[in-house]
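So the structure is just underneath, and the comments pick up after that.
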Amino acid sequence: MHWADVLADELIKEDRKHVLATGITPSGPIHIGNMREILTTDAVYRCLVNKGGKAELIYVADDYDHLRKVYPYLPKSYEKYVGMPISEIPCPCGEHKSYADHYLISFLNSLEEIGVKPRVYRANEMYKNGDYNKAIQIALDNTDRIRDIIEKISKRHLPKNWLPFNIRCEKCNKITTAKPILYDYPIIEYKCECGYEGEVDIRKGGVGKLPWRVDWPARWKILSVTFEPFGKDLGTVGGARDTGEKICEEIYSYPAPKYTVYEFILLKGKGAMHSSKGTALSSEEMLNMTPPEVLRFLLMNNQPNKHMTFDSGLGLLNLVDEYDKLERVYFGKEEEIKGMKDLEKTYELSQPYHVPKKMPFQLPYKHLVTVVQIGETWNNMKKILVRTNQIPEKLSKEDEEHLKQRTEHAKYWLEKHAPDMIKFKVKKQLPRLKLTGEQKKFLM
Ligand SMILES: [Zn+2]
Ligand SMILES: [Zn+2]
């Protein structure tokens, strides 16, 4: 059985509406590791719906999280924003509403291309709307129990006046520098490192944020989450998932969601991707060079807990070939692939939108990569391909769209990632050469 079906079967045992969550802090370019998280969840969601389960796919952007440091891709002037929620910081290019949106919007656009349509929640709105108010009060009322859970499980020591709430200083806007002095419902008195002393009323939204280890389980309860995968960094012993589970069950009286742990994706030649170090390939970039069905295939064909390497060089061409072969097998045009399991389900889950009823017209991708360098535009390419009998003169609209789309991906790949040995240019004008009589004779 396909891994996504196994996970869906686990969920469907419980007869209720399932909320499958996925999310991220958009503090930098959103890389392919996050794409793995959302495509894993999307696959389980699709299988669940397929089995007749009631389910919703959601995406939580934690844009109320604070900027942790001036990342290598940011100007030095961002120093003054460190500690502020990323929804309240200006965008680096000037064209988005906020710093968070700068990274989030392009990722959400990629999701559309890859056929994932989650309901999107933004933490900054949830906090400001008061969606978290009850959870904040419960956390503050249970400060000692939460402190106990975190200290015992994570082996961390928390400061004496610690509260499970990071106050947002009204003067400097940071959520990392205000220290609580006294909590007496509904007021917290605080003093900030900037010198400001004040008080916040927790019944008002947006006056602060739950620390991550409390925020996560609170969110499970608020949004009734029943499934959420996480990267192996969060799944370590004593990590946020461990404390979250306990806080969710004991403080919020809500069963912790089911999950799967996913492995990181390595970039060939570069190692693990980290957005914070600027070594990541953004999901947008990856999708620009890879046809969406092929990118989905890469993830559907591998168990989430399997290490994977993405090769943006020649390996990409092989990956497309592998997908095309799977397609031929799916439509019975070729023998099964030895050792490949669940190929029907893998093919179906690889489709961004719908499963084609008949096999799409295939043009070997490596050949397309050559023809695009000769023809350059789709119309020229089409002429060449028809003239050489490689495509029928009348291609269905769908097939033509499919080839056109692949041409765009191939072009992008050639421009940005292809190794030099693959690239060539056809000269538009004949070179001026003086040929000898012998040479002319040979060419005739
Ligand atoms: Zn921007
Ligand atoms: Zn302050």
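Heavy atoms only: backbone and side chains are in, while hydrogens, waters and symmetry mates are out. Ligands are counted one by one from 1 in listed order, and the atoms in each one are counted from 1 as well. Because the structure is predicted, anything quoted here is derived from the model rather than measured. Throughout, numbering of the chain's residues begins at 1 and tracks the sequence.
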Side-chain donor-acceptor contact under 3.5 Å, Tyr323 with Glu293: no
Test Lys404 against every option in Glu400, Glu408, Glu401 by the salt bridge (Lys or Arg N to Asp or Glu O under 4.0 Å) rule and name the one that passes. Glu401
The atom name of the N, O or S atom in His102 nearest to the Zn ion (ligand 1) is ND1
Given SG of Cys172 on one side and SG of Cys194 on the other, what angle do they make at the Zn ion (ligand 2), to 10°? 120°
Do His409 and Val320 have side chains that approach each other closer than 4.5 Å (heavy atoms only, starting at C-beta)? no
Pairs touching residues 129-138 that satisfy side-chain hydrogen bond (donor to acceptor under 3.5 Å, both in side chains), sequence neighbours left out: Tyr132-Asp215
Within rounding of 10°, what is the angle whose vertex is the Zn ion (ligand 1) and whose arms end at ND1 of His96 and SG of Cys91? 120°
